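What follows is one structure encoded as structure tokens, with my remarks underneath.
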Amino acid sequence: MVEWSENERSIISNIFSNLDYNDIGPKALVRCLIVYPWTQRYFTSFGNLYNAEAISTNPKVAAHGIKVLHGLDRALKNMDNIKATYAELSVLHSEKLHVDPDNFKLLSDCLTIVVAGKLGSAFTPEIQATFQKFLAVVVSALGKQYH
Amino acid sequence: MTSLSAKDKDTVKAFCAKVAGKEEQIGCDAVSRMLTVYPQTKTYFSHWKDLRPGSAPVKKHGATVMTAVTDAVSKIDDLTGGLLSLSELHAFTLRVDPANFKVLAHNLLVVLATVFPNDFTPEVHVAMDKFLAAVAHALSEKYR
């Protein structure tokens, strides 16, 4: 089981309580689709993803980015049992969505960079370490039900 | 491993021009983050007295690394040739596991996002990511 110190819990809680999901969610997904273009394979129904401009202004991408970011709320509310919390979502991503779990890390790296851009120097090395630990646990949980 | 397009090179050159003068600040921050977020990287610096973020050896090393990165921009048309001696250094003397190049690159991108929140767009991000991957590849050339 993953151990969280009081300090780590409060860092994570602070990041998310100050996050504008409607801004950060779309930015993270847009960045992922541009920086790692092969991730576009999962979004063929989203319409125009032909270039960075199209991706950045695509409303379906934006909506989906917000949805995915809210998916992290589950981990936030169940930090002591993230693995079980994501079991169902893991099955969904594996059996229905057929997402290669390597992609979870790509999106999580983009989210880290978007949050860093938002917080600037307030995103200290210590805060970055805690945030990345949190995302790594979620990523691992999302990959658990693949077989 | 894709090669850099003309557009990638132009994007990298234009963006890295903004880094000029900030090599120590950015390099120090990137190395500090690497040592904090990926503690296994500390194993390469057991000879330093102080591994804390912003310490003297971290600052000095950050400046060294970042200056080398911006210098690599001038060799962008032939990174393998241009980074030959650095590759030999990393392969034979330092023996840094090449997986760590990716780790440092990630932390560099994080710092660039904090220092240039408006300029570090997704398009700049992908070009810089490709450039740092190409630098890492050139640095790994002499390993085996």
Side-chain angles (χ1 to χ4, degrees), chain A residues 7-8 11 15 20 23-24 26-40 49-58 61-62 65 102 105-137 139, chain B residues 1-2 4-5 7-8 11-12 15 22 25-42 50-55 58-59 62 99 102-133:
Chain A
N7 191 33
E8 286 174 326
I11 285 174
I15 291 176
D20 179 358
D23 175 46
I24 301 295
K27 282 194 169 122
L29 185 57
V30 162
R31 197 164 280 254
C32 187
L33 295 172
I34 291 172
V35 178
Y36 308 107
W38 53 93
T39 56
Q40 291 168 28
L49 299 177
Y50 299 137
N51 51 46
E53 173 71 31
I55 294 170
S56 307
T57 53
N58 186 312
V61 172
D102 285 350
K105 179 157 196 308
L106 301 180
L107 179 59
S108 105
D109 282 349
C110 285
L111 180 58
T112 300
I113 282 173
V114 168
V115 169
K118 193 69 203 258
L119 300 179
S121 53
F123 193 63
T124 63
E126 189 201 4
I127 290 178
Q128 180 187 341
T130 306
F131 189 59
Q132 288 197 207
K133 175 181 170 179
F134 176 76
L135 292 179
V137 173
V139 162
Chain B
M1 189 64 49
T2 49
L4 301 166
S5 68
K7 179 166 174 240
D8 290 331
T11 305
V12 168
F15 182 73
K22 295 187 162 77
Q25 173 204 339
I26 290 174
C28 174
D29 196 0
V31 172
S32 297
R33 284 174 192 277
M34 181 184 76
L35 297 169
T36 307
V37 183
Y38 302 87
Q40 70 268 22
T41 56
K42 291 196 282 193
D50 188 353
L51 279 133
R52 289 170 305 174
S55 69
V58 169
K59 240 191 235 175
K102 254 194 163 187
V103 169
L104 180 57
H106 168 72
N107 287 290
L108 243 157
L109 296 175
V110 169
V111 174
L112 293 173
T114 64
V115 175
F116 303 105
N118 297 320
D119 294 310
F120 195 63
T121 60
E123 292 94 313
V124 168
H125 178 165
V126 62
M128 285 302 295
D129 194 27
K130 286 175 76 176
F131 169 64
L132 292 174

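Every chain is numbered from 1 and lettered A, B, ... according to where its sequence line falls, protein lines coming before strand lines. Note that the coordinates shown come from a computational prediction; the quantities given were computed from them, not determined experimentally.
Salt bridge annotation for Asp20(A)-Lys118(A): absent, with no cationic side-chain nitrogen under 4.0 angstrom from a carboxylate oxygen.
Contact count versus chain A (heavy atoms, under 4.5 Å) is highest, among Glu123(B), Met34(B), His125(B), for His125(B). Comparing Val111(B), Asn107(B), Val110(B) by how many heavy-atom pairs each has under 4.5 Å with chain A, the most go to Val110(B). In terms of non-hydrogen atom pairs under 4.5 Å with chain A, the most contact-rich of Leu109(B), Asp29(B), Leu35(B), Thr121(B) is Thr121(B).
Inter-residue side-chain proximity for Asn7(A) and Glu126(A) is flagged as met; some heavy-atom pair is nearer than 4.5 Å.
For Phe131(A), no part lies under 4.5 angstrom from a heavy atom of chain B. Interface residue Gln132(A): only side-chain heavy atoms are found under 4.5 Å from chain B. Residue contact with chain B, scored on non-hydrogen atoms closer than 4.5 Å, involves the backbone of Thr124(A) exclusively. Interface remark: Tyr38(B) contributes side-chain atoms only to the contact with chain A (heavy atom separation under 4.5 Å).
The nearest pair of heavy atoms linking Ala122(A) to Ile127(A) is O-CD1, 3.4 Å. Between Ser32(B) and Pro125(A), the shortest heavy-atom contact is O-CB, 4.4 Å.
Other residues, nucleotides and ligands contribute over 12 non-hydrogen atoms within 6.0 Å of the NZ atom of Lys133(A).
Summarising the geometry, atom CD1 belonging to Ile113(A) is positioned 5.0 Å from atom CZ belonging to Phe120(B); distances are rounded to the nearest 0.5 Å.
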